[in-house]
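The next block holds one structure in the form of structure tokens; read it before the comments.
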Amino acid sequence: MTVQQPRTGVTLADFDTIMREKVPFVGDMGVVTEQLSGDQARLRLPFNQRHIRPGNVICGPAIFALADIALYAVAWLVVPKADLAVTTEATVHFLSGAKPGDLLADAKILKAGKRLLIAECYIRSAVDGALCAHVIGTYAMPPEPR
């Protein structure tokens, strides 16, 4: 299987820099981009004890934040400057408690139109591979420059 380059040319380092500089909250989370290719992205949320909730599982807000960032990453695959792409809708299905440890987000584009991008994301525990959440999101895409 060959790995397709992103349509926009954005690299892993580019996306990580964009997140640190333009969305400091994401930089504070320490999310790392592991793959950007074709219509897919893989991101990792390193474990942080502050993400733990009662029951010794990772809290929902941390899981959803990672999913939303991964969906934003796939928007950058189709729009050269997706700064203005915004989440307009997201549905989260929490499927199992995530054990303390890193989380992995695998996102892919389902449909990329001129104005809307629909994508899905699976969040898995890097500890045991358990599927923790499934997210489908819609992004409003910025208009193309004239």
Side-chain angles (χ1 to χ4, degrees), residues 1-48 50-53 57-99 101-127 129-146:
M1 182 171 131
T2 60
V3 175
Q4 278 185 294
Q5 293 302 312
R7 296 176 232 174
T8 60
V10 69
T11 67
L12 304 177
D14 293 338
F15 186 72
D16 286 342
T17 299
I18 290 163
M19 291 295 87
R20 276 193 315 277
E21 293 177 358
K22 296 185 184 234
V23 189
F25 171 75
V26 175
D28 293 346
M29 288 180 67
V31 173
V32 177
T33 309
E34 294 188 347
Q35 175 192 349
L36 288 174
S37 62
D39 63 353
Q40 298 182 40
R42 171 174 270 198
L43 283 72
R44 177 181 295 266
L45 176 62
F47 176 68
N48 183 323
R50 294 181 60 178
H51 297 156
I52 296 298
R53 56 157 287 158
V57 294
I58 297 176
C59 67
I63 293 169
F64 178 70
L66 176 60
D68 194 40
I69 297 161
L71 296 172
Y72 188 54
V74 296
W76 277 87
L77 295 174
V78 295
V79 176
K81 200 156 170 57
D83 299 59
L84 300 177
V86 293
T87 308
T88 60
E89 180 274 334
T91 301
V92 160
H93 298 275
F94 293 103
L95 303 171
S96 67
K99 293 181 180 177
D102 290 4
L103 293 178
L104 298 171
D106 287 299
K108 75 175 189 171
I109 297 168
L110 298 176
K111 181 177 174 147
K114 289 184 180 188
R115 295 201 168 115
L116 296 175
L117 176 129
I118 301 167
E120 70 178 339
C121 181
Y122 291 93
I123 304 291
R124 294 186 184 281
S125 165
V127 174
L131 182 59
C132 304
H134 177 245
V135 179
I136 296 179
T138 303
Y139 266 76
M141 303 303 284
E144 292 187 31
R146 293 181 179 204

Inset, instruction - State the CD1-CZ distance between Ile123 and Phe64, to the nearest 0.5 angstrom. - result: 10.0 Å
Legend entry - For the student: nearest non-hydrogen atoms of Asn48 and Arg50, plus distance: OD1-N, 2.7 Å
Legend entry - Over all atoms of both residues, closest heavy-atom pair of Ala62 and Met29: O-CE, 4.3 Å
Legend entry - Atom pair CG (Leu95) and CG (Leu131), whose distance is rounded to the nearest 0.5 Å: 5.0 Å
Legend entry - Heavy-atom check, side chain of Ile109 versus side chain of Leu117, under 4.5 Å: yes
Legend entry - Side-chain touch Ile52/Phe47, heavy atoms, less than 4.5 angstrom: yes
Legend entry - Check: Val74 and Asp39 side chains under 4.5 Å, non-hydrogen atoms: no
Legend entry - Pairwise side-chain contact, Met141 with Lys114, heavy-atom cut-off 4.5 Å (strictly under): no
Legend entry - Pair Asp102 + Arg44, salt bridge at N-O below 4.0 Å: yes
Inset, instruction - Give, for atom OG1 of Thr91 and atom NE2 of His134, the distance between the pair rounded to the nearest 0.5 Å. - result: 9.5 Å
Legend entry - Separation of Ile118 CD1 from Tyr139 OH (nearest 0.5 Å): 13.5 Å
Inset, instruction - Kindly indicate whether the side chain of Met19, heavy atoms from C-beta on, has any atom under 4.5 Å from the side chain of Tyr72. - result: yes
Inset, instruction - Check whether any side-chain heavy atom of Thr33 lies under 4.5 Å from a side-chain heavy atom of Arg42, and answer yes or no. - result: no
Inset, instruction - Calculate, to the nearest 0.5 Å, the distance between atoms OG1 and CG belonging to Thr138 and Leu116 respectively. - result: 6.5 Å
Inset, instruction - Kindly indicate whether the side chain of Leu104, heavy atoms from C-beta on, has any atom under 4.5 Å from the side chain of Glu34. - result: yes
Inset, instruction - Would you tell me whether Thr87 and Glu89 have side-chain atoms, one donor and one acceptor, within less than 3.5 Å of each other? - result: no
Inset, instruction - Report the distance from atom CG of Asp68 to atom SG of Cys121, rounding to the nearest 0.5 Å. - result: 9.5 Å
Legend entry - Minimum side-chain heavy-atom gap Ile69-Phe15 below 4.5 Å: yes
